[in-house]
Amino acid sequence: MMRHTADTRAPRVVVVGGGLAGWMSAAYLRRVLRRIGSPVTLVAAAAAPEPGALATRPAFTRFLRGFAIDEAIFMRRCGATYALANRYDGWFEEGAGHWHPYGECGPRIDGLDLFHPWLKHRLDGEEAGAYADYAPQTHMAAAGRGPAPEAGGSAVTEAGSYGYHLDRAGLVRFFREIALSEGVRAVTGRVVAAETSPLGDVESLALESGASVAGDIFVDGTGAAAFLIGGTLGEPWIDDPAAGVCDRLASLALPPDPARPPFAAYAGAPEGWTSRLPLAGRTEASLAYRSETTGPEAAETALRDASGAAPGAAIRQRVLRTGRRRAPWLRNVVAIGASARDPGPLGGFEADLIVCALEAFVEHLPRGEGVAVLRQAYARRMNDLADEAFGAVALHYALGRRGEPFWAAARAAPLPDALADRLDLYEIGGRVSVPEARLFGESDHYRLLAGADLLPRRTFAPVDLAGPRGLGTFLAGIRARALQIAETMAPHALLMERLHGPAEAARAEVRVAPAARAAAGPEALRRSEDGARLADLIAGLGQPFGYERSVKASAGVLQTDRFLMSLHRTSLGPEPGPVLGALAAKLGLAEAARAEAAALMAEADLLHLGYEDGPAGPLYKLYVEWSARTDAAFADADAPGDEPLLVHRAYKWDPHRPGPPVVTLYHWPRVRTPEAIAARLSRLGAGEAGWGEAGPRVLAPAQALLDLARARGRGQPHYLEAREAPGPRLSYDLNLYACGLAVAAAEPLLAGAFADLGVPAPEAAAVLAERREESLGHVAGGVGRDGRPFLTLYSGVAAGAGA
């Protein structure tokens, strides 16, 4: 119900649906409408995001920029690669191929698209090359180059004239996190009914749990189910026969392409058409087909043959429903995404239409009277945009010349009247007229029509009458410039390696990564969503950092997914405390603890952020370190004072379990030499630590490592002791980095220690072998909070570069 009281400027917005449309809507509307105080609530049942890949166009790229989203973080979280063009092979006819770049084909001449002088030159019988060759993105895509050089940006990145290939589930999670951070209230539950007013407006949603969620404006992001716009309000769905040639989609995941091409590959096939979308961690291959001419088993066979997939590769099948609702905004319900319109998977219009719908809704936001006028204007805008998308898809099919039944049916589908009129004008007058297009404009039409080799009978009259001289030289210069721009760009594979690590790292099939991956550094964090969040936050600082990993042995288990990243306080800017507080908040540290850590950072020197994923679940760690005062005290052996010196204050917490963190204090007990450290360890073993029978199992490795350091090391070991505050736990930390030893030097010793803690010998050997060439770092030992002895090895500290 639209309220007409004084608070109509701040309507309560309720978004229904936990997919891409739902979370994008919640994030965007909350960010925009918070200015007028509108609360935004999202209601959805608990469910995993839909799998698959998504191709986007430049409009989505520009949307992200308006959202002030860091592109590097976004791409890492969504497994993204750049999309500079689409490549079509065997589409219009067997053996023919063309590019459709995501950028203009040269400059506009006297306000006209370069297509017109290009066409004149070609119709005059001169060599003009392919029209797509006048766009730098075509040459970048063909040569496997990205949109930017190795350092800095480019005109392509500044204009945002490129798209992405995205992991759909990762994109949903990304917008979910943005929405929650913006203050969207999330209500988990299945909606079973909608309560309406006597006038027909939706007033509230009834959940299966018995709860109720009231609102003033409801956004239907429930996809094909269309719970509100279709189910509650009864707005019918209108199928689109021209764009709906395909009614089924079969998809499977392939290993990542090491070349990481910056384009989506589409190909005509007897059954329909195939696509390959290259993601950072996999390649998503699909076959769109028509159930009347191809059965599901035949489609799966065709997809495996076309993609080279293994015979047993799992294939997902889904029904495609192409069409729209004539009224995408009915009463107080606005349908966004597939609940309002679905042009199908060809063309990458899904995300664009969501973006356009959200922007248009905000432009037509009700603020009291005149709601009907706003609804009608919104519907006209969105129906025009849908016409663009549907017309573009229909045109791809209508231009085909293949003879198979699928393609014959595609050509027989009726064209929208506006598109048919547009093609008539193009054929006779040499131009395309698309008024106020935002999705598939005039230049897009020329790229597609020229790619299909469908040229008009004559040149557009103003160009033909002008008769410019030197046209061939002029066009050759533009084409050469496009190629020159492309050659200045970095290889796309290199840009992706910087973002995601080596291609093979994204598809880990075993528990322990090969030794060669250690150098890749923090991309190992991306094995989990929580680890990726930490990596993204560090990368977002754009500052150098240190990185090391560790392995922990306890109770017969080796825990390998443990990482630590270190920053100097100067990396946090002139006010390190607030920056640390913001980082900790995004990682879920309780408010009191992060305020305390932020205050401590004002006098500290180093910040360490860690992550581990163990049997008890994920765990974040934050260490504040006072290194300068410790180093000064260590160097001054004659300085008075016997009290242990605090070096680290650490906070450790599970991001999925609210509550205060565990606090651990790391002290230096003012021992310097290996002999003094050995004596200190002996006192711990004698009972001070309370380790009981476990003492020898965790102390013996430390004493043996001290002997090794004295015999073969170059520098001095360092020693700390860790206590929980409050708590009886006491453990040691023996830092051997300064000794200049590799893990290989201690491999037999550590293998025996792991075996003594119940770790199977083959597993211990495999973990140590792949760390063999790394520098030997910390070895920590003691009895954990679970009462079990543990031993942890840190190794391979290295420098990392900011994003």
Side-chain angles (χ1 to χ4, degrees), residues 548 550 552-553 606 623 625-648 650 664-723 728-754 756-757 768 774-783 789-797:
E548 64 183 321
S550 65
K552 180 178 181 180
L606 298 176
Y623 299 75
E625 178 179 350
W626 294 267
S627 61
R629 74 184 186 191
T630 306
D631 291 343
F634 189 90
D636 188 0
D638 297 327
D642 298 326
E643 289 297 317
L645 187 64
L646 180 64
V647 181
H648 303 274
T664 308
L665 306 178
Y666 292 77
H667 287 88
W668 172 51
R670 299 183 185 270
V671 293
R672 293 176 174 82
T673 66
E675 292 76 18
I677 296 172
R680 182 76 184 182
L681 286 169
S682 295
R683 286 197 295 275
L684 288 180
E688 183 177 339
W691 291 337
E693 296 181 357
R697 298 163 68 187
V698 295
L699 280 172
Q703 297 285 13
L705 286 167
L706 278 173
D707 292 340
L708 177 68
R710 281 181 284 195
R712 299 173 55 184
R714 296 190 300 269
Q716 288 277 77
H718 293 261
Y719 177 80
L720 298 177
E721 290 175 356
R723 290 183 182 272
R729 182 187 172 198
L730 176 62
S731 60
Y732 66 82
D733 185 298
L734 184 63
N735 185 343
L736 300 166
Y737 274 124
C739 299
L741 299 171
V743 172
E747 191 172 357
L749 187 161
L750 293 169
F754 288 170
D756 199 35
L757 293 174
L768 292 170
E774 296 180 359
S775 53
L776 180 63
H778 299 252
V779 175
V783 173
F790 72 88
L791 198 68
T792 303
L793 165 68
Y794 294 81
S795 62
V797 68

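This is a predicted model, so every value here is computed, not measured. Residues: numbered from 1 along the sequence shown.
- Partners of Ala553 by side chain to side chain contact (heavy atoms under 4.5 Å, CB included), not counting sequence neighbours, listed by chain and number: Leu558, Phe754, Leu757, Val759.
- For Trp626, the ring pair (Phe, Tyr, Trp, His ring centres under 6.0 Å) test picks out no residue, with sequence neighbours left out.
- Side-chain contact check for Leu736 versus His778: every heavy-atom pair is 4.5 Å or farther apart.
- Looking at Arg672, its side chain does come within 3.5 Å of a backbone N or O of Phe634 through a donor-acceptor pair.
- The shortest non-hydrogen separation linking Ala744 to Pro748 is O-CD, 4.1 Å.
- Looking at Leu705 and Leu741, their side chains never come closer than 4.5 Å, going by heavy atoms from C-beta outward.
- The two residues Ala745 and Leu708 have their closest heavy-atom pair at O-CD2, 3.8 Å.
- Shortest non-hydrogen contact noted between Ala633 and Leu645 is CB-CD2, 3.9 Å.
- A donor-acceptor pair is defined here as one N or O able to donate and one able to accept, closer than 3.5 Å; such a pair exists between the side chain of Arg670 and the backbone of Glu643.
- Counting only heavy atoms from C-beta outward, the side chains of Cys739 and Leu776 never approach each other to under 4.5 Å.
- Not counting sequence neighbours, the partners of Arg710 by the salt bridge (charged side-chain N to carboxylate O under 4.0 Å, His left out) test are Glu675, Asp707.
- In this view, Tyr737 and Glu548 satisfy the side chain to side chain donor-acceptor pair (under 3.5 Å) rule, not counting sequence neighbours.
- Between Thr664 and Ala722, the closest heavy-atom pair is CG2-CB, 3.9 Å.
- In terms of the side chain to side chain contact (heavy atoms under 4.5 Å, CB included) criterion, residue partners of Pro701 (sequence neighbours excluded) are, by chain and number, Leu749, Ala753, Leu791.
- Among residues two or more places apart in sequence or in another chain, the ring pair (Phe, Tyr, Trp, His ring centres under 6.0 Å) test is passed with Tyr719 by none.
- In plain terms, the two heavy atoms of Leu768 and Ala751 that are nearest each other are CD1-N, 3.5 Å.
- In this structure Ser550 satisfies the side chain to side chain donor-acceptor pair (under 3.5 Å) test together with Arg562, sequence neighbours excluded.
- You'll find the side chain of Asp733 stays beyond 4.5 Å of the side chain of Val779, heavy atoms only.
- When side chains are defined from C-beta on, Ile677 counts as touching Leu734, because their heavy atoms get closer than 4.5 Å.
- Annotation: salt bridge (charged side-chain N to carboxylate O under 4.0 Å, His left out) contacts involving residues 695-704, sequence neighbours excluded, are absent.
- Listed for the Tyr732 side chain is a donor-acceptor partner under 3.5 Å among the backbone atoms of Val698.
- Not counting sequence neighbours, the partners of Tyr666 by the side chain to side chain donor-acceptor pair (under 3.5 Å) test are Lys652.
- Residues His648 and Glu625 form a side-chain contact, since some pair of their non-hydrogen atoms from C-beta on lies under 4.5 Å apart.
- Contact detail for Ser731 and Gly782: the closest heavy-atom pair is CB-CA, 4.0 Å.
- The side chain to side chain donor-acceptor pair (under 3.5 Å) search around Gln703 returns Ser682, not counting sequence neighbours.
- Considering only residues two or more places apart in sequence or on other chains, Glu747 meets the salt bridge (charged side-chain N to carboxylate O under 4.0 Å, His left out) condition with Arg772.
- Listed by first and then second residue, the salt bridge (charged side-chain N to carboxylate O under 4.0 Å, His left out) pairs involving residues 734-744 amount to none (not counting sequence neighbours).
- With hydrogens and angles disregarded, a donor-acceptor distance shorter than 3.5 Å links the side chain of Arg629 to the backbone of Leu646.
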Check the pair Leu665, Val647 against side chain to side chain contact (heavy atoms under 4.5 Å, CB included), reporting the backbone distance first and the verdict last.
CA-CA 8 Å; Leu665 306 178; Val647 181; over 6 Å; no
